[in-house]
Amino acid sequence: MSWRENLRKVEPYVAGEQPKMRNLVKLNTNENPYGPGEKVQEAIKAFDSGILNLYPNPDGEDLRHALASYHGLNDDQVYLGNGSDAVLAIIFLTCFNGAKKLLFPDITYSFYPVYCELYHIDYERVPLKEDFTINKEDYYKDNAGVIFPNPNAPTGCLLSHEDIEDILKHNTDSVVVIDEAYIDFGGESVIDLVNTYENLIVVQTFSKFRSLAGIRLGAAFGGKEIISHLYDVKNSFNSYPVDALAQKIGLASVEDSDYIKDNAKKVMATRARTCEELKALGFEMTDSYANFIFVTHPKVPAKELFHKLRERSIIVRYFDQPRIDNYMRITIGTDEQMDRLIEALKELVK
């Protein structure tokens, strides 16, 4: 028997590439094109590196308190982790241990099936409707849990606050997780429901809306009981996940929320203009509420456009998967970046 037979074998999540090109327009990983703000810069400059010989606050109490206040919750309703991916990993490990199947859309964040395979969680991919929207009634059945992004990824489609509450009403015996990585670009959060539904967890990230993808910081919001279980599991293998500098930067970001909201408005305005420009070129797209758009052209294959754009140092995301293999996901960048994209596409779809 070889030692190799004892290794766990999984198909890993594939992140968007980080290419090193000159004059690059990077529109493939949904990063915010605007900086995080002066308060974050000030926090970095003022950070005392002399404390780095000490472990950070294990629960990030100051940051938890700031987030709780921002969302109108108590401190013990907030969980912190290294980016929303690490938060989701703890949620999968903690909450989805039933004998039935975990439910999530067939077209969604591709990390979900990776976690299921890693943790041996049985799951079912629930087909989206033809327009790529979620049919809430499809989740009115027995399950070991429900999870989906809102807005969904990579489609950008939004499920209403009312429809999510209907799903919660039909799933009182399992945990429902709403992944709100992109909610601040035009959607309505359901964080206000965590005090009504004790089985609800809402996950958010500092990577998109708050322009802090580089520090890896995320949070979950829920009832006191369910959040305490997340911490119990987290503390079983890592008591200090969020480093001292990330905690300071995260706190400064929460204090700078008005500035960040203005940046989100810029992104939404650029998204609307870009959609109109692309429609004029014959592109079709979903109604996106995220900081990206999901587009297809009836005459020019998406895969061809993806490669031709790359030749012009413009990187977008292409998913070679059933149902969406003729779509591109395009991050909304600055107006200048989107102008360069539009000019390139004008040449390519002539």
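We're numbering straight along the sequence, starting at 1. For clarity, every value in this text was computed on a predicted model and none was experimentally measured.
Ion pairing of D75 with R64 is absent here, as no side-chain N (NZ or NE/NH1/NH2) approaches a carboxylate O to less than 4.0 Å. Salt-bridge annotation for D335 and R273: present, with a side-chain N of the basic residue lying under 4.0 Å from a carboxylate O of the acidic one. With salt bridges taken as basic N to acidic carboxylate O contacts below 4.0 Å, none links E276 and R271. A salt bridge links D106 with R323: the closest approach of a Lys/Arg side-chain nitrogen to an acidic carboxylate oxygen falls below 4.0 angstrom. Classification of K261 and D256 as a salt-bridged pair fails, no side-chain N sitting under 4.0 Å from a carboxylate O. By the 4.0 Å N-to-carboxylate-O rule, E304 lies too far from K308 to be salt-bridged with it.
For S211 (side chain) and Y34 (main-chain N/O), a donor-acceptor pair under 3.5 Å exists by modelled atom type. At least one donor-acceptor pair under 3.5 Å links the side chain of R8 to the backbone N or O of L118. Formation of a donor-acceptor pair under 3.5 Å by the D320 side chain with backbone atoms of D325 is not found in this model. No donor-acceptor pair under 3.5 Å is formed between the side chain of E347 and the backbone N or O of A344. The backbone N or O of E225 lies less than 3.5 Å from no partner atom in the side chain of E198, so there is not a single donor-acceptor pair. Between the side chain of R216 and the main chain of G83, no donor-acceptor pair closer than 3.5 Å is present. Remark: the backbone N or O of Y231 is paired with a side-chain donor or acceptor of N235 at under 3.5 angstrom. Checked by atom type and distance alone, the side chain of K299 never pairs as donor or acceptor with a backbone atom of V349 at under 3.5 Å. In this structure, the side chain of E180 engages the main chain of V190 through a donor-acceptor pair within 3.5 Å. No donor-acceptor pair under 3.5 Å is formed between the side chain of E165 and the backbone N or O of E162.
For the side chain to side chain contact (heavy atoms under 4.5 Å, CB included) criterion with I134, the lone passing option out of L128, D163, T108 is L128. Applying side chain to side chain contact (heavy atoms under 4.5 Å, CB included) to I249 and the options L217, V40, L63 leaves one that passes, V40.
H170 and Y140 have parallel rings, their planes meeting at less than 30° on a 0 to 90° scale where 60° marks the start of perpendicular. Ring geometry for F111 versus Y109: interplanar angle over 60°, hence perpendicular rather than tilted (30 to 60°).
Between P298 and E284 there is a side-chain heavy-atom pair separated by less than 4.5 Å. V175 places a side-chain heavy atom less than 4.5 Å from the side chain of I201. For the pair Q204 and I191, the minimum side-chain heavy-atom distance is below 4.5 Å. Looking at P149 and Y112, their side chains come closer than 4.5 Å, going by heavy atoms from C-beta outward. Looking at heavy atoms from C-beta onward, I260 lies out of side-chain contact with P36 at the 4.5 angstrom threshold. By the 4.5 Å heavy-atom criterion applied to side chains, L103 and Y123 are not counted as neighbours.
Note that the CZ atom of F96 and the CG atom of L102 stand 5.0 Å from one another [nearest 0.5 Å]. Distance check: T205 OG1 to N30 CG gives 11.0 Å after rounding to the nearest 0.5 Å. Rounded to the nearest 0.5 Å, atoms CZ (F319) and CE (M328) are 12.0 Å apart. Rounded to the nearest 0.5 Å, atoms CZ (F294) and CG (D287) are 14.0 Å apart.
By the 6.0 Å contact criterion, NZ on K350 is open, its count of non-hydrogen atoms from other residues, nucleotides or ligands being 12 or less. Within a 6.0 Å sphere centred on CG of D173, heavy atoms belonging to other residues, nucleotides or ligands number 12 at most. The number of heavy-atom neighbours closer than 6.0 Å to CD of E38, taken from other residues, nucleotides and ligands shown, is 12 or below. Other residues, nucleotides and ligands place more than 12 heavy atoms under 6.0 Å from the NE2 atom of H71. Within 6.0 Å of the CD atom in E130, the count of heavy atoms belonging to other residues, nucleotides or ligands does not exceed 12. Around atom NZ of K129, more than 12 heavy atoms belonging to other residues, nucleotides or ligands sit under 6.0 Å away. A 6.0 Å sphere centred on NZ of K248 holds no more than 12 heavy atoms belonging to other residues, nucleotides or ligands.
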After noting the C-alpha distance and the side-chain angles of I90 and C95, does the key distance pass the side chain to side chain contact (heavy atoms under 4.5 Å, CB included) rule?
CA-CA 8 Å; I90 291 293; C95 301; over 6 Å; no
I'd like to know whether L278 forms a side chain to side chain contact (heavy atoms under 4.5 Å, CB included) with V295, so could you lay out the CA-CA distance, the side-chain angles of the two residues, the decisive distance to 0.1 Å, and finally the verdict.
CA-CA 9 Å; L278 294 185; V295 307; 4.2 Å; yes
Assess the residue pair K141 and E124 against the criterion (salt bridge (charged side-chain N to carboxylate O under 4.0 Å, His left out)); give the C-alpha distance rounded to whole Å, side-chain angles, the decisive distance to 0.1 Å, and a yes or no.
CA-CA 12 Å; K141 59 183 178 181; E124 177 184 341; 2.8 Å; yes
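Under the 4.5 Å side-chain heavy-atom criterion for ILVMFWY residues, a single connected hydrophobic cluster contains both L80 and F237.
For the residue pair S313 and R340, the shortest heavy atom distance occurs at CB-NH2, 3.7 Å. Closest approach of F221 and L67 over heavy atoms only: CE2-CB, 4.3 Å. In this structure, K234 and P58 approach most closely via the heavy-atom pair NZ-O, 3.5 Å.
Aromatic ring centres of Y289 and Y182: separated by at least 6.0 Å. Aromatic rings from Y327 and F132 are positioned such that their centres are separated by under 6.0 Å.
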